[in-house]
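Residue numbers start at 1 and run along the sequence shown.
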Amino acid sequence: MPWPTWIEELKTRYLADEANVFLLHGPPVREGRWAVNGKIVGAAEVLRAFLSQSRDIVGVLDPDPSDGKLSPDLRKAKLDFNGVDLGAFRRLVDVRVTLDAIRVKRHTSTVEGAFGVMWLALTTAGADQAYILVKVDSYAGVRRKRLPAFDHDAPPITEWPGHEVLRGSNNVIVILCEDPTTLRQELQGACVRIEVTPHDAAWSHDEEPDAASAAEAEIEDALSLKRVKAPPMADAVAEIEAAMESGETQPLPDFEETAPLPDLTEPLPDVDAVLAEVAAEKEAGVSLPDKVERAFRDAILRHAEGDWPQNLPGREALAEVLHALDPGRVGELTFTVEDGVVQAQGDGADWFMDWYRKDIAVDAACGMALGALEVPEGGFTEETLPALERPAVGALARRITKLLG
């Protein structure tokens, strides 16, 4: 499948690892229209079609969908996902919310909220993402005296091009702006700039998707050349996504349908009260997170050389803690590994394995804790095993609290 020259340049410069944030500029960005399969679409839709071939999640953020004058407090925005399984995006956000114990409401109806939720997803590994930003000058323009403060401690947009979270990922951000001089100087200078010329606006493509499958595969192969080392949670989240795909994903809508992300306004349950009850535990003076960490450390030392298929030490630790807190539900489980797959035996084994598989944050937190460890030569000892990642331990304690509450 042929693509406009600016798409080809974007692909080449991304594969050369020049950047993860690109600024596409020129009159056609606003005025140009391209023919795709008999439909007239804009630059954002061409990008969406291209990036969807290699990204699991592709969204377009419009800060002023009504095309009216954007108010100073940025009260409007639309984060649109077209042809994307929204469940995959929301699961990424839910993992980060759980691990960070975020209790404030999440929403995407304002620029501040949309960027905050995008940042939660971008800081969670497990899916390659792309976001297309239009009308960026409305909130990061040269004439604006200050940048908006995004929700969830997301950095200002001027810091995204050089941020280690993006530079260490396979994620892509594309800014569309007709005149780049309308953007703040620091944003202009930080992005890799690609000009979209009037000649490019004449490009069209009328092949049916089936007829272009071979070319699409070629593009997918090219994009797959860039594969960076993901954060420690990547394998865990990817495993969860694969395990849940058969039962929880939603069917993909057709390309021309619009599937906006629903407003994420549901407050998280207040787990503090429940945690206080569990913390008034049978062993006075030992908190639930401390119990989890002790059980986790013991399990790691049983597999000290680092052979941890499917985060085995995490499973063993959680089973031990649950048995101590609720022996009627979980007995003393034993675990074996067959062809790289963990199996559990004992009273409540089926229930435990089903719970572990379905709770999206549990395996992610186990992967976060184990992924942060560098196994020394000869394996760990009690003296050489460092403290575990406290956010991961805290997340596991909260999941147990939610379960028992």
Side-chain angles (χ1 to χ4, degrees), residues 95 98-101 233 236 239-240 243 268-337 341-373 379-405:
V95 167
T98 301
L99 293 178
D100 292 351
M233 276 177 44
E239 179 185 334
I240 292 173
L268 288 180
D270 182 7
V271 299
D272 286 342
V274 183
L275 182 57
E277 294 179 13
V278 177
E281 49 210 272
K282 303 171 184 178
E283 299 178 27
V286 181
S287 69
L288 181 56
D290 288 342
K291 279 187 175 182
V292 171
E293 180 162 17
R294 181 66 264 173
F296 214 144
R297 290 178 65 86
D298 290 343
I300 292 172
L301 293 173
R302 289 195 294 270
H303 309 278
E305 296 183 357
D307 184 14
W308 301 326
Q310 294 188 311
N311 297 324
L312 175 59
R315 296 177 188 243
E316 291 184 352
L318 289 169
E320 179 182 329
V321 172
L322 285 172
H323 172 63
L325 295 175
D326 193 354
R329 188 187 322 227
V330 182
E332 294 185 3
L333 303 185
T334 58
F335 293 84
T336 58
V337 180
V341 178
V342 174
Q343 307 287 344
Q345 298 82 34
D347 293 339
D350 290 343
W351 174 87
F352 173 81
M353 295 295 279
D354 188 59
W355 167 73
Y356 187 97
R357 180 181 66 83
K358 289 182 177 179
D359 192 319
I360 186 170
V362 169
D363 197 51
C366 289
M368 181 181 182
L370 293 172
L373 300 176
F380 283 117
T381 65
E382 183 66 54
E383 291 73 27
T384 60
L385 178 60
L388 301 182
E389 291 282 316
R390 201 62 182 178
V393 172
L396 291 172
R398 287 190 292 274
R399 304 319 290 170
I400 293 174
T401 295
K402 180 178 180 180
L403 172 68
L404 300 182

At what distance, to the nearest 0.5 angstrom, does [atom1] of [X] lie from [atom2] of [Y]?
X: Y356; Y: L322; atom1: OH; atom2: CG; answer: 12.0 Å
X: Q345; Y: T334; atom1: CD; atom2: OG1; answer: 4.5 Å
X: E320; Y: L325; atom1: CD; atom2: CG; answer: 10.5 Å

For the residue pair [X] and [Y], what are the closest heavy atoms and their distance?
X: L333; Y: D347; result: CD2-O, 3.3 Å
X: V342; Y: Q310; result: N-OE1, 2.6 Å
X: F335; Y: R315; result: CZ-O, 3.8 Å
X: A364; Y: V95; result: CB-CG1, 3.9 Å
X: L318; Y: C366; result: CD1-SG, 4.0 Å
X: H323; Y: V330; result: ND1-O, 2.8 Å

Hey, is CG on D298 packed in by over 12 heavy atoms from elsewhere, all under 6.0 Å?
->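 Counting neighbours around CG of D298, more than 12 heavy atoms of other residues, nucleotides or ligands fall under 6.0 Å, so yes.
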Should we count CD of Q343 as having more than 12 external heavy atoms under 6.0 Å?
-> yes
List, one per line, each side-chain donor-acceptor pair under 3.5 Å for residues 299-309, sequence neighbours excluded.
unit_1 : atom_1 : unit_2 : atom_2 : d
R302   : NE     : E316   : OE1    : 3.4
R302   : NH2    : E316   : OE1    : 3.0
H303   : NE2    : E316   : OE1    : 3.2
H303   : NE2    : E316   : OE2    : 3.1
W308   : NE1    : H303   : O      : 2.9

Assess whether side-chain contact (heavy atoms from CB on, under 4.5 Å) is satisfied between F296 and V321, documenting all intermediate values.
-> CA-CA 9 Å; F296 214 144; V321 172; over 6 Å; no
Show me the donor-acceptor pairs, under 3.5 Å and distance only, between side chains in residues 382-391 and residues at least two apart or in other chains.
unit_1 : atom_1 : unit_2 : atom_2 : d
E382   : OE1    : R294   : NH2    : 3.2
E382   : OE2    : R297   : NH2    : 3.0
E383   : OE1    : T381   : OG1    : 3.4
T384   : OG1    : T381   : N      : 2.8
T384   : OG1    : T381   : O      : 3.4
T384   : OG1    : T381   : OG1    : 3.2
R390   : NH1    : E293   : OE1    : 2.7
R390   : NH2    : D290   : OD1    : 3.0

